[in-house]
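Step one of this worksheet: look at the structure below.
All residue numbers refer to positions in the sequence shown, counting from 1.
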Amino acid sequence: FDSRRPAPVLISCHGNTQTQDHMALSAQRKSLVKYFTDAGFIYAASLMSGNQWGAQAAIDDLVELWKYLRDHYSVGPLVLLGESMGALAT
């Protein structure tokens, strides 16, 4: 990652009964995270306020995560990736 060059951002949104840790740290997701980070993406996973898809709290979590990334990194295009109910955010 070169902080002087904008990088695309992938925000991953978890499904029912999952957490942001599942979307970034689970064995089945590690290869996905590696693929995108090797391709130059900033990879982040949203808390989504637990299991509240579509609720204002979940939307607020996504917005706050985006603001944090925007304010702390040189960001390029944004991609949202949702799994199962997490796809509602996308």
To the nearest 0.5 Å, what is the distance between [atom1] on [X] and [atom2] on [Y]?
X: L78; Y: L69; atom1: CG; atom2: CG; answer: 8.5 Å
X: L32; Y: Y43; atom1: CG; atom2: OH; answer: 5.0 Å
X: L80; Y: S46; atom1: CG; atom2: OG; answer: 9.0 Å
X: C13; Y: L62; atom1: SG; atom2: CG; answer: 4.5 Å
X: L65; Y: K67; atom1: CG; atom2: NZ; answer: 12.0 Å

Where do I59 and Q56 land on the side chain to side chain contact (heavy atoms under 4.5 Å, CB included) test, with the steps shown first?
-> CA-CA 5 Å; I59 294 166; Q56 191 61 50; 4.1 Å; yes
Residue pair [X] / [Y], side-chain heavy-atom distance below 4.5 Å:
X: V79; Y: F36; answer: no
X: I42; Y: L10; answer: no
X: Y73; Y: V9; answer: no

State, to 0.1 Å, how close G40 and A7 come at their nearest heavy-atom pair, and which atoms those are.
-> O-CB, 3.4 Å
With sequence neighbours excluded, what pairs up with Y68 under the ring-ring contact (aromatic ring centres under 6.0 Å, His included) test?
-> H72
